[in-house]
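Take a look at the structure below.
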Amino acid sequence: MNPALEAIWNAIASIPRGQITTYGDVARMAGLPGHARQTAYALRNMPEGMNLPWHRVLGAGGKIVFPKGSKHYREQARRLRSDGVVVKDGKASRELMVNVDQY
DNA sequence: GAACTGACTGTAA
DNA sequence: ATTACAGCCAGTT
């Protein structure tokens with residue numbers, strides 16, 4: 001298959017609950033620096049069955065890349081909050097998750 | 001192989 | 001804060 005995509009999927013799967021990252025970071029984790037868009041491609045074309053925490057992947061600065069109010073946008077925001085991540089005005093923050101982890 | 005495309009990113013106005 | 005634009009790079013036309 002495509003080893004690059006598998007590396008990316010693998011990297012995403014390794015993101016701990018309550019933690020967030022960016023497209024560029026995922027690419028770097030997968031050993032593909034500068035391939036942020038490849039991460040996007042991998043997410044877009046990910047198989048149905050594999051339950052990846054795709055919602056923990058955000059754009060640079062921790063912001064949701066989908067158009068605000070779009071279906072995907074709401075979905076991602078919901079999942080993030082479900083992870084204990086604070087989402088404010090399209091941007092996700094890890095600040096409160098520290099507290100969550102402590103309890 | 002050229003042209004386009006995009007769940008990206010950083011810089012500039 | 002918002003918008004435009006130019007790099008970016010693999011995949012698809």
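Here is the naming used below: chain letters follow the sequence lines, and residue numbers restart at 1 for every chain.
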Can you measure [X] atom [atom1] to [N] atom [atom2] for me and round it to whole angstrom units?
{"X": "A:R28", "N": "B:dT9", "atom1": "CZ", "atom2": "P", "answer": "10 Å"}
{"X": "A:I64", "N": "B:dC8", "atom1": "CD1", "atom2": "P", "answer": "13 Å"}
{"X": "A:Y23", "N": "C:dG7", "atom1": "OH", "atom2": "P", "answer": "24 Å"}

Can you list, pair by pair, the side-chain donor-acceptor contacts under 3.5 Å of residues 22-34 of chain A, counting residues two or more places apart and other chains?
{"residue": "A:T22", "atom": "OG1", "partner": "A:D25", "partner atom": "N", "Å": "3.1"}
{"residue": "A:T22", "atom": "OG1", "partner": "A:D25", "partner atom": "OD2", "Å": "3.2"}
{"residue": "A:D25", "atom": "OD1", "partner": "A:R28", "partner atom": "NH2", "Å": "2.2"}

Measure all distances between protein nitrogen or oxygen atoms and nitrogen or oxygen atoms of nucleotides 11-13 of chain B, and list the pairs falling under 3.5 Å.
none

Heavy-atom closest pair, residues A:V85 and A:A92: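 Here A:V85 and A:A92 meet closest at CG1-CB, 4.0 Å.
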With sequence neighbours excluded, give me every side chain to side chain donor-acceptor pair (under 3.5 Å) pair touching residues 3-13 of chain A.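 As it turns out, there is no side chain to side chain donor-acceptor pair (under 3.5 Å) pair with a partner in residues 3-13 of chain A once direct neighbours are skipped.
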Side chain to side chain donor-acceptor pair (under 3.5 Å): pairs with one or both residues in residues 30-40 of chain A, sequence neighbours excluded: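 Passing the test, one end in residues 30-40 of chain A: no pairs.
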What nitrogen or oxygen pairs link the protein and nucleotides 9-13 of chain C at under 3.5 Å?
{"residue": "C:dA10", "atom": "OP1", "partner": "A:H35", "partner atom": "NE2", "Å": "3.1"}
{"residue": "C:dA10", "atom": "O4'", "partner": "A:Q38", "partner atom": "OE1", "Å": "2.9"}
{"residue": "C:dA10", "atom": "O3'", "partner": "A:Q38", "partner atom": "OE1", "Å": "3.3"}
{"residue": "C:dA10", "atom": "O3'", "partner": "A:Q38", "partner atom": "NE2", "Å": "2.9"}
{"residue": "C:dG11", "atom": "OP1", "partner": "A:N2", "partner atom": "ND2", "Å": "2.7"}
{"residue": "C:dG11", "atom": "OP1", "partner": "A:Q38", "partner atom": "NE2", "Å": "3.4"}
{"residue": "C:dG11", "atom": "O3'", "partner": "A:Y41", "partner atom": "OH", "Å": "2.7"}
{"residue": "C:dT12", "atom": "OP1", "partner": "A:Y41", "partner atom": "OH", "Å": "2.8"}

Once side chain to side chain contact (heavy atoms under 4.5 Å, CB included) is applied, do any residues pair with A:S14, and if so which ones, sequence neighbours excluded?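 Applying side chain to side chain contact (heavy atoms under 4.5 Å, CB included) to A:S14 gives none.
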For A:K63, enumerate each residue passing the side chain to side chain contact (heavy atoms under 4.5 Å, CB included) test, keeping only those at least two apart in sequence or located in another chain.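 By the side chain to side chain contact (heavy atoms under 4.5 Å, CB included) rule, A:K63 matches A:K91.
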A:Q19 versus A:R56: any side-chain heavy-atom pair under 4.5 Å?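 Answer no - side chains too far apart.
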Side-chain polar contacts of residues 44-55 of chain A - donor-acceptor pairs under 3.5 angstrom, sequence neighbours left out - could you list them?
{"residue": "A:N45", "atom": "ND2", "partner": "A:Y41", "partner atom": "O", "Å": "3.3"}
{"residue": "A:N45", "atom": "ND2", "partner": "A:Y41", "partner atom": "OH", "Å": "3.3"}
{"residue": "A:H55", "atom": "NE2", "partner": "A:D83", "partner atom": "OD2", "Å": "3.3"}

Can you tell me how far apart CD1 (A:I64) and CG (A:L80) are? Round to the nearest 0.5 Å.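 Going from CD1 on A:I64 over to CG on A:L80, the span is 6.0 Å.
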How long is the gap from OG on A:S82 to CZ on A:R17, to the nearest 0.5 Å?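 That separation rounds to 8.5 Å.
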In this structure, which stretches of DNA chain B are paired as stems of three or more consecutive Watson-Crick or G-U pairs, both distances less than 3.5 Å?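 Stems (3+ consecutive pairs) listed as B:2-6 with C:9-13, B:8-13 with C:2-7.
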Could you walk me through whether A:D89 and A:K68 pass the side-chain contact (heavy atoms from CB on, under 4.5 Å) test, one step at a time? CA-CA 9 Å; A:D89 192 44; A:K68 190 181 179 184; 3.8 Å; yes
Where along residues 65-80 of chain A does a heavy atom fall under 4.0 Å from DNA chain B?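 Hits under 4.0 Å, by residue number: A:V65, A:F66.
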Set of side chain to side chain donor-acceptor pair (under 3.5 Å) partners for A:E75, sequence neighbours left out: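 Partners of A:E75 under the side chain to side chain donor-acceptor pair (under 3.5 Å) test: A:R79.
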